[in-house]
Amino acid sequence: MASKQHSIKPVDSRPDFVKQENELLDKWYKNGITEKYLNKNNNKTKTFSFIDGPITANNPMGVHHAWGRTYKDLWQRYKNMQGYKQRFQNGFDCQGLWVEVEVEKDLKFKTKKDIEDYGVEKFVQKCKDRVIKYAKIQTEQSKRLGYLMDWDNSYYTMSDANNYMIWNFLKICHKNGWLYKGNDSVPWCPRCQTAISQHEMLTEDYKEVIHDSIYLSLPLVDHDNEFLLIWTTTPWTIPANIAVAIDPKIKYILVQKEKNRYWIAKDLKDKIFDNKDKVVRTVLGKDLVGLQYQAPFDSLPAVKKVANANKATFHTVIATDPLIMPITMTDGTGLVHTAVSAGTEDFKLGKKYNLPMVPIIADDASYLEDLGFLTGQNAKKHPEIILNYLKEQDKKGLNWVFKISPFKHRYPVCWRCKTELVWKVTDEWYIAMDRGEPSLRQRMQAVTKKINWIPKFGLKRELDWLTNMHDWLISKKNRYWGLCLPIWECECGNFEVIGGKEELETKAVKGWDQFKGHTPHKPHIDKIKIKCTKCGKLAFRVEPVGNPWLDAGIVPFSTLNYTQDPQYFKKWFPADFITESFPGQFKNWFYSLIATSAVLENKPSFKNVLGHANMLDSHGKTFHKSAGNSIEFIDGANRFSADVIRWYCALQNPAREMCFGEKEANQTKRQFHMFLWNSYRFFVNYAALENWQPKEEYINNPTVLDQWILTRLDQVVLKTTANLDKFNAFSGAKAIEEFVTDFSTWYIRRSRDRVGPNAQNQADKNTCYQTFFTVLETLSRLLMPYTPFLADSIYTNLTGQESVNLADWPSKPVIKNINKKLLDQMILIRKICEQGHAQRKVHQLAVKQPLSSLTIKINDSLALEDSKALLQLIKEELNIEKVIFKQDNQFSVELDTTLTPDLIKKRQARETIRLIQQARKEANCKLDQVVNITLPDWPKKYEAQIKQKTLVKTITKGKHVKLSF
Ligand SMILES: [Zn+2]
Ligand SMILES: [Zn+2]
């Protein structure tokens, strides 16, 4: 409640919200308000555990970061008001390719060799420095959003604690028999020279590109002029061809074109051949299996070697496994080029049929040794070398090229540097999903089902991903800045996984002194050698760094002191709540969180997850620096106001993408912030003028209108609370928005005569003011989690308290029971008034013209006729003298439009009042100043009423309107 000395101050009609926000931030941080906020519930027992999904500390925040960060702040603020103790820990994601790529750009590096020449230690330090720099910038930006966290206690995924906790996790995976080194054909970025895991291939990481596709004819062995027709969009993989796959169940045809005959799927004939090209044979796919063919690169030494060693399987037709590589009839020929070393499905099919492979490219996508003229040339940079070679061959009388045509398709690119990916065979480290009983996949599925997913479809998405995902590729070759996998491998093939720093110290037989005092990163960690437990030789740490999602996935364990302080861990684990954007996180953060907790605790590390879609620009396009539409967060906040951004974000349905920009910001400001501000200003300017002080007992005798708005207030408090409890911000925000509209367009509209110096009934005025005060004070607390700046400026002006950040959530209802009947009655009244106004419009009768009666035909009048006060609202709103109810099934409203001389006089009285008020305004009269006036004419019958309403002492007749004092 207000302190005795506090007086409410008037406010501007055109507030500068941005300026106000910056001033409030200054106050919050300088006056220790944030400290008080963070420590408000220190001695409470109930806890709310929030785990922050770390933001990549690699660039300044964009305005699109505001959505998730608004949610994060919103629920922590809400729970703080409700008295829950919290940790308020923000997190920064630090390690990985994304940072390396930016540092490489800064240093103008083109290749991996540039890093080696520069020095790994210096490069890693640059990465650390970059993270620290942007963590500071993001902290300042987050503060500008009004996001209150324990900023000095943020966690960093590059910390020793985080890295060693992952070691612990990997060691347990190894104990369970899940960690293995596998050989696979994986998506690979030739620029970053590293594997891209299945997790990292997001839908947005595809580019629409045009590649030259080729229809290639492969001559069958022992069938003259007969060819298999295959089609590929990646001609660079042709030297890796091992087999041609067909679907054994569908029909294939042999088509005669000029002197040659080609095998293709029957359904694709019209796409490839003319009508005049005749079908000479039709068979089922299975009849083609086992046929042998020749391919254009058979003379290259590496290919020859494989061919000689695998005479039975090399270059044969095989039946596909539709679960691995389904053959579609949309493009191509129905015969699929199978390059075992250069495709995920190809590799799997090769494994199934025990096919050999010809590895063709190195880490940078240049062709390997023993590939003749191709060796050393770059497969991706110069795709034309393959096609040119084939064309040259054909000039010599061969028949390789059937057709070359440009093909537009969505092609995967590196999620960091946007280079087109290739597929290559490599040794990588994996966590097996299906070993043991229960397997990791089964454990993760069970854990996933125990989580409350918001929106609901999240559960299905995560389970779909878990059902289909391959073993988890956790290594990244050729990279420098990241988790160093704790795997020490011996040349005998044995490997050991180290679970932490102490264990490493015990097992190190070499290099500990050089490592001591350094973080577990390259290059220092690689100095350490351990002894192979099998053969006794020295074991070396494996070269790759780890998948960055391990870094973020281990956070609940590293930040909650899993191994060091079980008591503390138990108190805060599992988290009550996490929130992050949906796209991508099913495969990434959510996935890795579930993996770590399934392994370490066999239960979820979070109970509720709120996912949200992406924020796009006003035109529905993704924000991109290169597209020129990105808005840096600080610019956004200082252009639109942080509260406007927050409110807009809170109003969105998280399941759908949102569009945001200048237009949306201005509209939000107009429709909510200014609307609320004007209602608030209406009250505080009168309260300030009359030096009014709130007193709870003023509200003891409320009018029906007061009762109604206070009931609505209780209703909106309950609604917002219930929705926020369900982690639904937007239904809460909508309820508040509707309330503010009701307050302004009905309560204030119908209360104007009750307030201000002209109002005579002091008791009623106090009741009305106190109602205003109660509504606005409660509303400011309801808005605190949503729009803390606006809430704080209203709350502190009304109450004189230090800050809304330290206030409690409204929990006690103002009215004991929600009066449902009154709410319904008011809805009906407003409907009647709406129709009454419509009728006045039809008859061109302005509201200032009083009318004698209104007849309401209605089936159920909700007993309106029994309440004088409610009827009075209709009478005043529509300016009529009598309301008549008639029972009727058909609802209608009928005005008596007859104008009697007295009704006309009454209108003149009203007009006179308006005239005088206008004159007062023009003369800059104070609201409580009594004046005299000269008028040409006025209805004498209503003189007393006119005088009273306009604070006029005497009226004299004269030619012109004239005010005197
Ligand atoms: Zn890349
Ligand atoms: Zn060994």
Side-chain angles (χ1 to χ4, degrees), residues 56 58-59 95-116 123 127 130 174 179-181 185-207 209 236 361-366 378-381 410-424 426-429 473 475-482 486-498 507-511 528-549 584 588 624-626:
T56 312
N58 192 28
N59 276 303
Q95 302 178 148
L97 196 48
W98 37 48
V99 182
E100 283 193 53
V101 169
E102 294 298 325
V103 172
E104 281 181 85
K105 266 194 224 159
D106 285 351
L107 296 172
K108 309 213 161 40
F109 288 176
K110 292 263 172 338
T111 63
K112 187 187 145 183
K113 198 173 163 291
D114 295 334
I115 299 172
E116 298 277 353
F123 182 75
C127 292
R130 184 181 176 90
H174 182 47
L179 198 70
Y180 73 95
K181 184 160 91 170
S185 176
V186 295
W188 185 272
C189 173
R191 197 215 70 88
C192 300
Q193 299 197 21
T194 203
I196 303 297
S197 75
Q198 187 194 9
H199 301 244
E200 292 165 318
M201 294 183 59
L202 311 179
T203 42
E204 59 261 44
D205 293 326
Y206 283 77
K207 254 200 308 211
V209 288
W236 65 268
I361 53 167
D363 290 354
D364 64 351
S366 62
N378 197 286
K380 242 357 237 187
K381 283 185 198 142
R410 281 163 53 74
Y411 191 84
V413 295
C414 173
W415 56 277
R416 266 300 115 193
C417 73
K418 305 298 170 200
T419 301
E420 290 181 22
L421 299 184
V422 294
W423 272 257
K424 83 178 283 285
T426 174
D427 285 335
E428 297 284 355
W429 292 88
L473 193 169
S475 56
K476 268 200 171 309
K477 278 191 172 160
N478 299 330
R479 299 315 313 175
Y480 304 91
W481 173 234
I487 305 170
W488 267 259
E489 198 181 20
C490 172
E491 61 179 41
C492 77
N494 181 40
F495 70 89
E496 192 160 349
V497 179
I498 304 293
K507 294 195 170 155
V509 293
K510 238 184 123 181
I528 296 181
K529 316 283 184 284
I530 68 170
K531 204 167 124 185
C532 173
T533 47
K534 253 200 187 139
C535 73
K537 281 192 195 143
L538 279 188
F540 294 67
R541 201 188 68 80
V542 299
E543 179 272 325
V545 297
N547 180 306
W549 290 107
N588 294 324
H624 263 312
K625 256 193 204 154
S626 56

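Since we're looking at a predicted model, the values are computed, not measured. Ligands are counted one by one from 1 in listed order, and the atoms in each one are counted from 1 as well.
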Inset, instruction - Report, rounded to 10°, the angle at the Zn ion (ligand 2) between the two atoms SG (Cys490) and SG (Cys492). - result: 110°
Legend entry - Angle in degrees, rounded to 10°, that SG of Cys532 and SG of Cys535 form at the Zn ion (ligand 2): 110°
Legend entry - Distance, nearest 0.5 Å, that separates CD of Glu104 from OH of Tyr480: 8.5 Å
Inset, instruction - Evaluate the side-chain proximity of Val542 to Phe495: yes if any heavy-atom separation is below 4.5 Å, no if none is. - result: no
Inset, instruction - State, to the nearest 10 degrees, the angle whose vertex is the Zn ion (ligand 1) and whose arms point to SG of Cys192 and SG of Cys189. - result: 110°
Inset, instruction - Report yes if some heavy atom in the side chain of Lys380 is under 4.5 Å from a heavy atom in the side chain of Leu421; otherwise report no. - result: no
Legend entry - Residue pair Val99 / Arg416, side-chain heavy-atom distance below 4.5 Å: no
